[in-house]
Amino acid sequence: MTKLRLATTALFTLAVLHCASAAQAQDVNRLVLVLYSYEREFAPHRAFSELFLPDLSRASGQPVDYVEVSLQAARVSQTAPADTMVTHVQAMLAGRQPDLVVPIGGPAAVFAQRNRHQLFPSAPMLLAGVDRRFVTDLSENDAAVAVDHEPGRLVENILTVLPDTKTIFVIVGASHLAKAWHAEMKAEFRRFESRVTFSWANELSFKQMLTRSARLPPHSAILFAILSVDAEGVPHIEDRALTDLHRVANAPIFGVRSTQLGRGIVGGRLLSMEDLSRNTTRVALRLLDNASDGPISTATQTLAAPAFDWRELRRWGIDEARLPPGSTIRFREPTAWERYKRPIVVFVAIAGIQALLVAWLVANLTRQRRGQRSLRANEARFRQLSDTAPVMLWTSGPDRGCTHVNRARLEFTGRPLESELGNGWSDAVHADDVAGWVETYTQAFERREPSRTKYRLRRHDGEYRWILDTAVPRVLADGTFAGYVGSGIDVTDLELAKSSLSNLSRRLMHEHEEERAMVARALTDDLCQQLTLLMIRLREFSQAPAGGDDGQIRMGVEEVGRQLATLSGEIFAMSDHLRSSKLDILGLAVATRLRCRELSAIHGVTIDAHDEGVPPNLPENISLVLFRVIEEALHNALRHAAARRVTVSLHGGPGEIQLEVADDGVGFDPQTVTTDRSLGLAEMRERLNLVDGECTIESRPGAGTRVRVRVPVRADVHLAAV
């Protein structure tokens with residue numbers, strides 16, 4: 001059974017490699033073999049590989065193919081001989097010699113050095129992310145990027161930030177790597193035992209770790225060191241484990257790597273995985289380019305400058321004054337003033353203008369101390385002033401009836417002044433809003449307090465508009481209450497904008513959920529069923545009697561291989577639909593031409609793609625935005641416009657990229673666009689806003705559609721020769 005499982009793994013690997021070779025020539029691709037000491041998904045391998053592999057692909061002048069092998073997964077059992085892992089690596093390489101071997105972790109480094117003459121005798125080797133204790137004498141063809149985790153400084157960081165700490169609960173798992181670090185940390189931590197009591201999690205299940213973390217005594221801290229497998233042998237993904245721990249812990253959590261910052265740890269001096277990836281990429285490129293005249297010397301990477309999570313400092317009440325000098329504080333939430341400074345200033349300015357105007361009007365009215373004649377004169381001056389105001393103004397008397405409205409309100413309603421006086425001013429209010437408006441005004445009137453209400457008012461053309469009405473009481477110099485003075489502002493456009501934004505958000509969420517459902521159906525109804533059938537076929541071969549028809553079994557295995565290749569292509573196509581790898585590898589211009597060619601073949605429509613002067617080193621965000629806009633424009637042309645010919649043009653000019661997508665379809669009226677198409681157009685504009693881009697759409701029924709886009713590009717991005 002062991003040999004059959006290895007043969008099945010090798011067969012699947014060969015099929016995937018064969019499918020990849022059909023897509024692009026292998027002789028121009030660099031082959032990098034990545035050896036993991038343990039499973040790739042577990043810390044710290046996942047954190048490092050997710051940074052290093054993309055960095056190397058972007059920095060390499062040639063395409064890079066990766067063969068990733070977990071030595072822990074290659075072991076069929078704990079007692080399996082080393083030849084089993086050698087056979088597994090040979091099967092994954094499929095006869096090819098790597099251009100570079102990158103062992104990650106101590107066990108992988110030992111395995112690679114021990115078996116290099118049998119597996120890859122001429123390939124250079126780069127020990128990556130290896131603790132300096134595992135780095136011994138290197139050959140002239142090898143290099144190492146070593147690190148020093150400095151466990152003692154982790155405890156010093158905790159005691160600096162929380163000097164009253166009495167107990168430190170250390171989260172460490174039961175894997176081989178965790179056991180090695182458990183012993184290393186215990187030795188390093190002995191010098192702190194006079195100040196702190198250490199509690200270790202290496203003999204606990206993860207559930208017990210959570211229980212312990214929730215019941216720690218006062219003045220405790222948690223050090224999340226390494227957890228891939230707990231004491232019960234259950235594997236754990238670090239991000240999920242850290243999230244669960246953060247949810248229940250009653251003490252602050254500290255970590256060891258920069259990728260843990262922002263996921264629940266307080267922070268401190270951490271091992272920068274970003275710096276480690278950059279340093280490893282730099283050395284890897286030198287080895288791939290044969291740019292070294294001898295052994296490459298690299299300094300051991302130590303802990304980076306202290307960095308802390310502002311949210312965790314605030315959660316645990318840690319004073320920033322305790323932090324080490326030179327500390328960086330990340331994830332700081334902006335203050336209310338920083339978030340709302342502009343609307344506050346605008347609101348205060350408007351309110352101040354209104355308040356000054358109202359105060360001035362009230363001051364003029366309160367000067368009417370003697371006689372009706374003086375009062376009428378002042379009211380006449382007030383009416384003259386209010387008629388020049390850009391807002392609708394009104395006054396009411398002590399009987400609640402309207403005594404005056406200014407010209408702005410009369411022009412708005414189109415009604416004569418006589419119709420507005422007394423109780424007539426409520427006639428233009430929408431029937432559904434009259435009761436609420438009257439109730440708000442009456443309650444404020446009885447309490448002699450300011451009022452603020454919103455209602456719909458009929459305009460002179462018959463359209464109802466939303467009005468924000470603000471009023472304050474008028475009091476004469478002798479303390480006599482004289483009624484109210486108020487102002488109204490048309491806020492209809494603001495209300496419509498808020499409603500449109502809400503509707504757009506709902507439609508976007510609906511579209512995203514439909515896309516997720518499509519992917520789920522494709523995985524469940526198609527790919528999973530095909531995999532199940534292939535597993536049944538393989539099980540039939542494994543149960544075939546000894547001495548059976550070898551030819552028939554060989555033909556069956558070849559058929560399974562072809563089906564695996566087809567299935568791999570379908571998985572690649574689905575992945576490419578969600579996020580095109582061609583864009584990252586080949587660049588915007590080539591990815592656009594390939595996408596147009598695919599859609600042309602699928603829909604039977606002529607799609608011409610032209611590009612000129614498009615820079616090969618466009619920033620990733622600009623490339624992705626333009627590619628998504630092209631896809632959305634083609635989607636609209638094929639789905640809504642019934643186009644038979646579409647032209648996509650990309651042009652790189654001084655400081656900008658220009659895009660034009662034109663079709664000969666049915667066209668549309670932009671003022672009466674359908675919901676589906678308006679959602680797509682809104683999404684295009686929102687994407688372009690992220691890169692300061694501009695979009696114009698020209699279309700009319702029966703005359704096709706033309707989408708024009710301009711996106712600025714930094715001056716340091718090299719434009720290809722025209």
Side-chain angles (χ1 to χ4, degrees), residues 500-501 503-519 522 573-574 576-580 582-583 588-611 614 621-651 657-711:
S500 298
L501 181 60
N503 292 335
L504 177 60
S505 298
R506 286 195 295 271
R507 294 202 300 271
L508 284 173
M509 289 188 289
H510 178 70
E511 288 289 329
H512 291 167
E513 290 301 325
E514 284 192 347
E515 185 175 49
R516 291 182 180 180
M518 179 274 290
V519 174
M574 181 181 298
D576 194 57
H577 172 71
L578 295 176
R579 170 63 187 265
S580 175
K582 301 182 185 70
L583 181 63
L588 175 62
V590 178
T592 298
R593 291 198 297 269
L594 293 177
R595 188 59 175 161
C596 291
R597 193 178 305 161
E598 293 170 358
L599 293 176
S600 177
I602 293 172
H603 296 278
V605 175
T606 301
I607 303 178
D608 298 322
H610 308 284
D611 56 84
V614 178
N621 59 338
I622 293 179
S623 295
L624 181 58
V625 166
L626 286 172
F627 190 76
R628 292 305 187 200
V629 169
I630 291 170
E631 286 189 322
E632 183 60 37
L634 289 174
H635 171 79
N636 288 338
L638 297 175
R639 180 177 178 181
H640 301 292
R644 302 307 304 166
R645 189 180 189 90
V646 184
T647 302
V648 179
S649 301
L650 277 168
H651 175 72
I657 296 293
Q658 297 179 4
L659 164 68
E660 180 176 291
V661 181
D663 65 67
D664 61 353
V666 298
F668 66 95
D669 183 357
Q671 301 299 325
T672 59
V673 64
T674 61
T675 301
D676 289 343
R677 180 173 288 183
S678 66
L679 180 60
L681 299 179
E683 185 173 351
M684 284 197 298
R685 289 193 170 97
E686 287 299 320
R687 287 185 181 276
L688 289 168
N689 285 338
L690 299 177
V691 293
D692 299 324
E694 300 176 358
C695 176
T696 58
I697 299 172
E698 300 174 2
S699 182
R700 65 177 186 270
T705 301
R706 187 179 304 272
V707 178
R708 288 193 175 95
V709 172
R710 292 176 63 256
V711 175

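When reading the values below, keep in mind they use all heavy atoms of this one structure, side chains included, and skip hydrogens, waters and symmetry mates. Computed from a prediction, not measured in an experiment: that's the story for all the values here.
Of the inter-residue distances, the one linking Q658 atom CD with E694 atom CD reads 10.5 Å to the nearest 0.5 angstrom. From L634, atom CG reaches atom NE2 of H603 across 9.0 Å, with rounding to the nearest 0.5 Å. Atom-to-atom distance recorded for I607:CD1 and I630:CD1 is 11.5 Å, nearest 0.5 angstrom. A distance of 4.5 Å separates CD of E632 from CG of N636, quoted to the nearest 0.5 Å. Taking CZ of R644 as the reference point, atom CG of D664 lies at 8.5 Å (rounded to 0.5 Å). Between the CG atom of L650 and the CZ atom of F627 there is a distance of 10.5 Å, given to the nearest 0.5 Å.
A distance-only check finds no donor-acceptor pair linking the side chain of T705 to the backbone of D663 [under 3.5 Å].
Residues satisfying the side chain to side chain contact (heavy atoms under 4.5 Å, CB included) criterion with R593, sequence neighbours excluded, are A589, V590, A609, D611. Shown here are the salt bridge (Lys or Arg N to Asp or Glu O under 4.0 Å) partners of R597, two or more places apart in sequence or in another chain: there are none. Applying the side-chain hydrogen bond (donor to acceptor under 3.5 Å, both in side chains) criterion to E660, with sequence neighbours excluded, gives R706, R708. For R700, the side chain to side chain contact (heavy atoms under 4.5 Å, CB included) partners two or more places apart in sequence, or in a different chain, are A703. Applying the side chain to side chain contact (heavy atoms under 4.5 Å, CB included) criterion to S623, with sequence neighbours excluded, gives L583, L588, L618. Taking N689 as the reference, E686 meet the side chain to side chain contact (heavy atoms under 4.5 Å, CB included) condition, with sequence neighbours excluded.
Residues H610 and T647 approach most closely at CD2-CG2, 3.8 Å, considering heavy atoms. Nearest heavy atom pair, residue V666 against residue H640, reads CG2-O, 3.9 Å.
Proximity of H635 to L599: side-chain heavy atoms (C-beta onward) are nowhere separated by under 4.5 Å.
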